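In what follows, a structure is listed as structure tokens, so that the remarks can point back to it.
Just so we're on the same page: letters track the sequence lines, and every chain starts at 1. The model shown is predicted, which means the values in this text are computed figures rather than measured ones.
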Amino acid sequence: AQSVTQLDSQVPVFEEAPVELRCNYSSSVSVYLFWYVQYPNQGLQLLLKYLSGSTLVKGINGFEAEFNKSQTSFHLRKPSVHISDTAEYFCAVRGGAGNMLTFGGGTRLMVKP
Amino acid sequence: GAVVSQHPSWVICKSGTSVKIECRSLDFQATTMFWYRQFPKQSLMLMATSNEGSKATYEQGVEKDKFLINHASLTLSTLTVTSAHPEDSSFYICSARDSLGTPSYEQYFGPGTRLTVT
């Protein structure tokens, strides 16, 4: 079985400040890791993914994430946020025989002017 | 990139009626499609997995007779909510997995359907 924990349900931050959204996972097998963004009343858009190789992954909209196997973490970062980054962010993991995606509870990023 | 569409984007129906939601993969073939349900300010909960040409696999606690899933082709899956009740009001999101066998087996998500049962 696998699980994903997003440690913060809400993260308020001022515009142009850096932000980190935390994600920890548990799995008994090797995993693929994903971050998705969801704007209000919309589906999910893939921000970035880790499949293998370099542990630092760069995605769209200036986001990046670092895979840390020893700490089973995949935290999402952005050095300078914009108002338009206000959205819900979901961390997800895929692993195991069924290759099912398991989502974390989500983190609401609120960027204030 | 791969595109998944859903129709309708929102629907209001009366209690006791049925409503059908379509999910299409527009530019790729999807042997597997997933249906999720999302309540306000909550995460996505997998309802069922459907494979083209076979019966859907439902997650524990999901009523298969209430949420009918059909995956008749490699580009179309439908979710029918039968005898809808207000508690079925939710945001339904479908996802399709590219069947070409890329290592990531990436899933692509539709824009969602907002169902309101009055």
Looking only at G105(A), G106(A), A92(A), most heavy-atom pairs under 4.5 Å shared with chain B are made by G105(A)

Heavy atom to heavy atom, less than 4.5 Å: which residues from residues 33-41 of chain B reach chain A?
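Only F34(B), Y36(B), Q38(B), K41(B) of residues 33-41 of chain B have a heavy atom under 4.5 Å from chain A.
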
Rounded to the nearest 0.5 Å, how far does CG of L44(A) lie from OG of S95(B)?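 Here the interatomic distance stands at 8.5 Å.
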
Separation of F109(B) CZ from L46(A) CG (nearest 0.5 Å):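 Here the interatomic distance stands at 9.0 Å.
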
Could you see if [X] belongs to whatever hydrophobic cluster contains [Y]? Use Ile, Leu, Val, Met, Phe, Trp, Tyr and a side-chain cutoff under 4.5 Å.
X: F14(A); Y: V81(A); value: no
X: Y89(A); Y: L7(A); value: no
X: V62(B); Y: L68(B); value: no
X: M47(B); Y: F91(B); value: no
X: M45(B); Y: V93(A); value: no

- request: Evaluate whether atom NE2 of H85(B) has more than 12 neighbouring non-hydrogen atoms of other residues, nucleotides or ligands under 6.0 angstrom away.
  value: yes

Q | K20(B), NZ: over 12 other non-hydrogen atoms inside 6.0 angstrom | A |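 Atom NZ in K20(B) is not crowded, with 12 or fewer foreign heavy atoms closer than 6.0 Å.
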
With a 3.5 Å cut-off and sequence neighbours excluded, list the donor-acceptor pairs that the side chains of residues 8-17 of chain B form with protein atoms.
{"residue": "S15(B)", "atom": "OG", "partner": "A84(B)", "partner atom": "O", "Å": "3.4"}
{"residue": "T17(B)", "atom": "OG1", "partner": "K14(B)", "partner atom": "O", "Å": "2.6"}

So, the part of T113(B) with a heavy atom under 4.5 Å from chain A: the answer is neither

When the 4.5 angstrom heavy-atom criterion is applied to Q6(A) and chain B, the contacting part is neither

